[in-house]
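Within every chain, numbering begins at 1; the chains are lettered A, B, ... in the order of the sequence lines, protein sequences first and strands thereafter. Only a predicted model underlies this, so the values are computations on that prediction, with no experimental measurement involved.
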Protein chains: 2
Amino acid sequence: MMLTQKRRNLIERYVNQHELCRVNELCKLTSTSESTIRRDLIQMENQGLIKRVHGGAQSVKNFSRDVSQHIRFNINHDAKIAIARYAVQKFVHAGDYIFIDAGTTTYEMVPFITKIPHVTIITNGIETALCSLNHGIETLLIGGKVKDDTHAAVGQSALEQIKAMNFAASFVGVNGIDYNGNLTTPDPEEAAIKKAEITQAGHAYVLADTSKIGERNFAVFDNIKDVVVVTNRLNLSQKKALPAKVNLEEVQE
Amino acid sequence: MMLTQKRRNLIERYVNQHELCRVNELCKLTSTSESTIRRDLIQMENQGLIKRVHGGAQSVKNFSRDVSQHIRFNINHDAKIAIARYAVQKFVHAGDYIFIDAGTTTYEMVPFITKIPHVTIITNGIETALCSLNHGIETLLIGGKVKDDTHAAVGQSALEQIKAMNFAASFVGVNGIDYNGNLTTPDPEEAAIKKAEITQAGHAYVLADTSKIGERNFAVFDNIKDVVVVTNRLNLSQKKALPAKVNLEEVQE
DNA sequence: TCATTTTCGTTCATAAATATTCAAATTTAT
DNA sequence: ATAAATTTGAATATTTATGAACGAAAATGA
């Protein structure tokens with residue numbers, strides 16, 4: 001007689017490999033009775049390991065507990081890392097309290113910050129906070145209603161929390177920078193948050209890869225004259241899409 | 001007769017090498033009785049070195065496991081899921097605004113909440129918030145200083161955010177419930193948060209697997225007379241460790 | 001639709017594993 | 001060295017896992 005747990009492991013593997021299978025198959029596989037298999041399947045369903053269907057069991061590929069995928073699989077990933085590393089190395093100093101905006105580019109800054117001692121990260125991004133903690137960095141989280149697409153905390157309460165603090169520097173993400181130098185993002189609530197992040201910071205840095213240059217979105221939260229734009233190398237047409245007197249930091253990849 | 005600690009080391013190594021093994025094997029390996037092996041396994045499980053299964057023991061160290069599987073190897077994981085499911089099915093209703101405390105047992109409630117329409121989750125746990133979002137649930141995050149061990153947001157700002165809300169129900173984790181019925185946790189800051197969670201809720205539920213019964217920690221945040229305790233089935237000695245008039249919900253696994 | 005077949009849930013007896021208790025042995029502290 | 005505390009193994013009580021039996025529910029096919 002096999003150990004119960006070993007049998008369950010066998011069942012889980014078999015169901016996952018076959019996507020769908022019958023109770024009989026599992027009886028043969030494990031040399032046990034139907035009763036036992038049914039009991040196993042009930043328990044495993046309760047644990048969310050499989051899904052029971054009439055006649056057998058079905059696999060459930062459940063990635064929903066994982067750290068969300070859109071952080072790992074996003075466009076321009078290498079450029080974003082380069083920009084993030086540059087921003088940390090040049091603009092983050094020991095002992096700083098810095099705000100890191102929710103977003104994929106700013107998220108990439110976190111691992112590099114471990115090299116700078118005694119930094120405290122304030123963020124409204126859930127993944128950013130989690131990553132920061134996992135790197136052993138002191139972390140302050142801004143709360144509020146969390147947007148289901150960007151996972152950013154927004155709203156009145158979030159605004160008030162930010163306005164009660166002052167940061168050495170803020171690192172802000174952006175969806176578009178238009179020809180007037182307006183910094184834009186689709187959601188007005190997120191725009192309000194970004195505006196506050198910039199206001200409360202001694203220095204404000206906007207991180208934007210080239211795909212953002214020349215784009216416009218609904219909500220304007222500031223203008224590049226008030227911030228430093230950190231981006232990768234721009235070609236001529238991209239430079240023409242921006243105002244002449246930009247405070248630009250071009251990262252050489 | 002072998003040194004106790006040496007025997008435990010042997011057991012740990014053997015379990016890790018074999019991934020899963022029976023009690024008899026360990027008896028032969030160490031030339032001791034079943035009683036001793038069982039006692040060892042109980043202690044080692046409490047230390048998180050192994051996981052006990054009916055008939056033997058299982059390794060908790062497997063580097064090929066993904067994130068969701070790591071959660072499954074927490075102590076008393078199955079009991080936590082059973083308690084969480086029961087709490088959701090019995091105490092969460094359509095349209096509710098509910099507070100879910102940071103913690104592993106309360107975390108397990110989230111997947112079950114998808115079956116109840118239009119629930120809004122308020123939480124101070126980062127992982128809980130992320131899981132909630134990934135399941136498409138409306139999520140409000142409490143911000144504050146995030147503790148690096150429990151990943152719970154705490155502090156004055158967090159307290160104020162909680163006190164500005166009212167919940168249909170709060171589901172609170174606990175580290176110990178002592179013989180006076182005091183609900184305890186090691187960190188006073190977390191205790192303050194839990195206290196507020198309970199105060200702001202129409203109904204307060206404390207989720208506690210059996211390992212918490214009879215334990216005491218530094219900070220007391222409330223007493224069981226003010227809450228409903230949801231736990232799995234208690235044996236006699238555990239019941240004796242609690243006051244007589246407990247508002248108890250025992251989950252049958 | 002109805003009858004047939006298959007699958008499912010429940011119950012029960014049995015066997016295996018676990019928990020509990022207690023006395024003896026061992027270790028630790030004074 | 002002696003008492004107290006801890007650890008151990010065996011005995012016994014309790015819990016859990018299993019397989020078979022049987023009626024209920026669901027799928028199948030005419």
Side-chain angles (χ1 to χ4, degrees), chain A residues 1-12 14-15 18 20-47 49-58, chain B residues 1-12 14-15 18 20-47 49-58 75-83 85 89 209-215 231-242 250-253:
Chain A
M1 177 61 49
M2 190 185 296
L3 222 53
T4 305
Q5 189 54 48
K6 186 171 184 182
R7 187 181 62 240
R8 302 235 168 111
N9 291 342
L10 267 178
I11 294 173
E12 185 181 356
Y14 189 90
V15 172
H18 291 73
L20 182 67
C21 72
R22 310 188 72 83
V23 174
N24 295 348
E25 297 177 54
L26 297 173
C27 290
K28 273 189 234 157
L29 176 73
T30 61
S31 310
T32 50
S33 68
E34 274 196 18
S35 301
T36 301
I37 295 296
R38 290 189 200 293
R39 276 186 283 250
D40 285 342
L41 294 181
I42 289 170
Q43 287 229 1
M44 292 169 73
E45 179 166 53
N46 286 341
Q47 291 171 31
L49 300 177
I50 54 137
K51 182 173 160 55
R52 234 144 64 92
V53 295
H54 193 90
Q58 201 173 357
Chain B
M1 177 59 50
M2 191 184 297
L3 229 58
T4 304
Q5 193 48 52
K6 189 173 181 184
R7 188 182 61 240
R8 302 235 168 113
N9 291 341
L10 259 180
I11 293 174
E12 185 180 355
Y14 188 90
V15 172
H18 290 74
L20 185 64
C21 74
R22 312 183 80 97
V23 173
N24 317 3
E25 298 177 51
L26 297 173
C27 291
K28 274 188 227 155
L29 176 74
T30 60
S31 310
T32 50
S33 67
E34 276 198 13
S35 301
T36 302
I37 295 295
R38 289 189 200 293
R39 277 186 282 249
D40 285 342
L41 293 181
I42 289 170
Q43 288 224 3
M44 292 170 73
E45 176 165 55
N46 288 337
Q47 291 168 25
L49 299 175
I50 54 133
K51 180 175 159 62
R52 235 145 69 89
V53 297
H54 194 89
Q58 192 171 9
I75 297 174
N76 276 336
H77 183 252
D78 292 352
K80 285 174 180 176
I81 286 184
I83 292 169
R85 187 180 57 231
Q89 287 173 348
D209 63 81
T210 51
S211 70
K212 314 291 170 58
I213 308 294
E215 294 291 313
T231 184
N232 40 344
R233 209 132 71 95
L234 301 183
N235 60 32
L236 214 57
S237 66
Q238 286 165 331
K239 280 203 173 153
K240 279 191 284 192
L242 292 178
E250 285 185 67
V251 178
Q252 308 297 325
E253 276 164 277

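Ile37(B) pairs by the side chain to side chain contact (heavy atoms under 4.5 Å, CB included) definition with Ile11(B), Val23(B), Leu26(B), Cys27(B), Thr30(B), Thr32(B), Leu41(B), not counting sequence neighbours. Remark: Asn46(A) pairs with Arg85(B) by the side-chain hydrogen bond (donor to acceptor under 3.5 Å, both in side chains) rule, at least two apart or across chains.
With a 4.5 Å cut-off on side-chain heavy atoms, Arg8(A) and Gln43(A) count as touching. When side chains are defined from C-beta on, Asn9(A) counts as touching Gln58(B), because their heavy atoms get closer than 4.5 Å.
What separates CE of Met1(A) from P of dA17(D) is a distance of 13 Å, to the nearest Å. Rounded to whole Å, atom P of dA17(D) lies 14 Å from atom CD1 of Ile11(A). The distance from atom CZ of Arg7(A) to atom P of dA17(C) is 13 Å, rounded to the nearest whole Å. Rounded to whole angstrom, the span from the CG atom of Leu26(B) across to the C1' atom of dA17(C) amounts to 14 Å. Atoms CD1 (Ile37(A)) and C1' (dT6(C)) sit 17 Å apart, rounded to a whole Å.
Each of Arg8(B) and Arg8(A) was matched to the nucleotide of DNA chain D holding its nearest heavy atom; the match closer to the 5' end belongs to Arg8(B).
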Quiz item: What is the per-nucleotide protein-contact pattern of nucleotides 8-16 of chain C, from the 5' end, where B denotes a base atom under 4.0 Å from a protein heavy atom, S denotes such proximity for sugar-phosphate atoms only, and - denotes neither?
Solution: BS-B-----
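Judged purely by atom type and a 3.5 angstrom limit, Glu45(A) uses its side chain to pair as donor or acceptor with the backbone of Arg52(A). Under a 3.5 Å cut-off, the side chain of Asn232(B) and the backbone N or O of Thr210(B) do form a donor-acceptor pair.
Between Thr4(A) and dT18(D) there is a side-chain N or O to OP1 or OP2 distance below 4.0 Å. Using a 4.0 Å cut-off, some side-chain N or O of Thr36(A) falls inside it from OP1 or OP2 of dG19(D).
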